[in-house]
*Asks:* 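Dropping the structure in here first, questions after.
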Amino acid sequence: MRLVLFGPPGAGKGTQSERIVARYNIVPLSTGDLLRVAVAAGAPLGLRVKDIIARGELVPDEVVVALIAERIDAPEAKNGFILDGFPRTVKQAEELDALLAGRNLKLDAVVELKVDETILIERIERRIEETRAKGHAVRADDDASVLKQRIAHYRKQTVPLSDYYRRKGLLLVVDGMQSIDRVEAEIEQALSERVSVGG
Ligand code: AMP
């Protein structure tokens with residue numbers, strides 16, 4: 001199973017991705033997580049992208065495409081993967097298509113989580129509080145003003161993915177405003193219909 005999951009920041013992509021991964025025995029590929037690991041490790045790549053991420057801007061395409069290509073080629077991804085945070089633009093979606101075509105692979109489905117934007121700020125603020133309460137470090141980009149910037153980027157650059165994948169017959173839209181379990185059940189239902197129809 002090869003999937004893309006997209007939705008605005010704070011839509012619950014990480015949580016849903018974890019559940020899908022467990023169910024289908026596939027690997028999660030989150031460009032945000034991979035980039036944060038590189039930043040934390042002080043790797044050259046991390047130094048290059050640290051400030052960009054902290055400002056809530058997008059890192060260059062070639063950086064994320066290379067990260068994804070490497071992970072897709074790894075043996076762990078043989079059974080499939082779920083991309084979370086990539087592609088984020090139509091240009092990245094086209095690059096992903098080319099990357100997969102070159103490996104004779106195809107996406108099975110693309111799940112869009114729809115969330116009311118005003119709720120997102122509340123969710124992020126809650127995430128910051130919970131993270132602090134656990135004594136963990138808060139992500140540099142978990143901040144209301146940075147979030148607004150990220151939502152603006154999302155609206156302008158990522159929302160066009162809906163049309164892109166709808167035209168390809170891959171898009172499944174799920175209401176992300178429901179409980180985590182309900183969202184999971186709807187994704188599950190949509191995917192099982194897709195797999196039985198698509199074979
Ligand atoms: P995320 O965890 O997906 O919200 O990503 C956190 C940050 O990493 C983003 O705000 C961007 O700065 C960067 N990033 C993650 N994925 C991408 C991508 N596909 N293209 C460009 N930048 C990305």
Side-chain angles (χ1 to χ4, degrees), residues 2-21 27-73 77 81-100 107 110-115 117 119-128 130-131 136-162 164-165 170 176 183:
R2 293 181 183 84
L3 305 172
V4 167
L5 176 64
F6 78 98
K13 295 189 295 293
T15 307
Q16 293 302 332
S17 170
E18 276 172 23
R19 294 185 176 208
I20 295 168
V21 159
V27 291
L29 295 183
S30 154
T31 38
D33 284 349
L34 294 170
L35 291 167
R36 279 185 288 278
V37 167
V39 171
L45 168 69
L47 297 176
R48 189 174 160 203
V49 300
K50 187 172 184 229
D51 292 342
I52 302 177
I53 295 175
R55 287 196 302 269
E57 291 167 10
L58 295 185
V59 309
D61 285 348
E62 78 266 14
V63 171
V64 281
V65 170
L67 275 178
I68 288 298
E70 188 188 318
R71 297 297 161 135
I72 286 178
D73 291 338
F81 51 77
I82 178 162
L83 293 168
D84 157 8
F86 177 90
R88 245 181 170 85
T89 62
V90 168
K91 171 129 187 306
Q92 289 183 3
E94 288 166 353
E95 298 215 19
L96 174 62
D97 285 346
L99 199 148
L100 293 176
L107 291 175
V110 173
V111 178
E112 175 180 6
L113 283 183
K114 282 257 190 205
V115 177
E117 285 182 11
I119 295 289
L120 293 174
I121 306 256
E122 282 172 38
R123 281 196 182 175
I124 290 278
E125 282 171 347
R126 204 175 321 129
R127 181 155 91 191
I128 294 171
E130 284 167 4
T131 307
H136 296 164
V138 174
R139 280 170 51 172
D141 56 354
D142 263 356
D143 162 288
S145 65
V146 173
L147 176 66
K148 281 184 193 147
Q149 167 80 352
R150 293 169 69 212
I151 291 176
H153 276 300
Y154 179 80
R155 211 182 293 135
K156 189 159 168 242
Q157 300 185 287
T158 311
V159 166
L161 289 181
S162 286
Y164 183 83
Y165 286 122
L170 289 171
V183 173

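One-based numbering, in listed order, for ligands and for the atoms of each. Only this structure's heavy atoms are used, side chains among them; waters, hydrogens and symmetry mates stay out. Quick note: residue numbers are just sequence positions, from 1.
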*Asks:* Could you see which bit of His153 sits under 4.0 Å from ligand 1, with heavy atoms only: side chain, backbone, both or neither?
*Replies:*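 The answer is neither; His153 stays 4.0 Å or more away.
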
*Asks:* Looking only at heavy atoms, what is the nearest atom pair of Ile52 and Pro60, with distance?
*Replies:* CD1-CD, 4.1 Å

*Asks:* For ligand 1, which atoms, with element, lie under 4.0 Å from some heavy atom of Phe86?
*Replies:*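 Once the distances to Phe86 are compared, the set is 19 (N).
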
*Asks:* Got Leu83 and Leu96 here, is their nearest side-chain heavy-atom distance under 4.5 Å?
*Replies:* yes

*Asks:* Please state whether Lys13 comes within less than 4.0 angstrom of ligand 1, counting heavy atoms only.
*Replies:* no

*Asks:* Does Arg88 reach the main-chain N or O of Gly85 with its side chain, forming a donor-acceptor pair under 3.5 Å?
*Replies:*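 Pair found, side chain donor or acceptor close to backbone of Gly85.
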
*Asks:* Return the residue, atom name and 0.1 Å-rounded distance of the protein heavy atom closest to atom 22 (N) of ligand 1.
*Replies:* Val59 N, 3.1 Å

*Asks:* Can you confirm whether Arg71 is buried at CZ, in the sense that more than 12 heavy atoms of other residues, nucleotides or ligands lie under 6.0 Å from that atom?
*Replies:*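 At most 12 heavy atoms, drawn from other residues, nucleotides or ligands, come within 6.0 Å of this atom.
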
*Asks:* Any idea which protein heavy atom is nearest atom 15 (C) of ligand 1, and the distance to it?
*Replies:*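 Ranked first by proximity to atom 15 (C) of ligand 1 is Arg88 NH1, 3.3 Å.
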
*Asks:* Is it true that a side-chain atom of Lys13 and a backbone atom of Asp84 form a donor plus acceptor pair closer than 3.5 Å?
*Replies:*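 Absent.
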
*Asks:* Restricting to side-chain contact (heavy atoms from CB on, under 4.5 Å), what partner residues turn up for Ser162, sequence neighbours left out?
*Replies:*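 With neighbours one apart ignored, the set is Phe6, Glu112, Arg166, Leu171.
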
*Asks:* Below 4.0 Å, non-hydrogen atoms only: which portion of Val64 touches ligand 1? Side chain, backbone, both or neither.
*Replies:*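 The part of Val64 near ligand 1 is the side chain, not the backbone.
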
*Asks:* Which of these, Val110, Leu170, Asp97, sits in a side chain to side chain contact (heavy atoms under 4.5 Å, CB included) with Tyr164?
*Replies:* Asp97

*Asks:* Pairs of nitrogen or oxygen atoms closer than 3.5 Å, one from Arg36 and one from ligand 1: do any exist?
*Replies:*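 Arg36 vs ligand 1: N/O contact under 3.5 Å present.
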
*Asks:* Nearest to atom 4 (O) of ligand 1, what protein heavy atom do you find, and at what distance?
*Replies:* Arg150 NH2, 2.5 Å

*Asks:* Kindly identify the option in Val146, Leu35, Ile52, Thr31 whose heavy atom sits closest to atom 14 (N) of ligand 1.
*Replies:*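 Checking each option, the heavy atom nearest atom 14 (N) of ligand 1 is found in Leu35.
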
*Asks:* Which atoms from ligand 1 have a heavy atom of Gln92 less than 4.0 Å away?
*Replies:*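 Within the 4.0 Å cut-off of Gln92, ligand 1 contributes 18 (C), 19 (N), 20 (N), 21 (C).
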
*Asks:* Can you see which heavy atom on Gln149 is nearest to which on Arg55, and at what distance?
*Replies:*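 The pair with the smallest heavy-atom distance is CG-O, 3.7 Å.
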
*Asks:* Who's the nearest protein heavy-atom neighbour of atom 11 (C) of ligand 1, and how far?
*Replies:*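 For atom 11 (C) of ligand 1, the nearest protein heavy atom is Glu57 O, 3.3 Å.
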
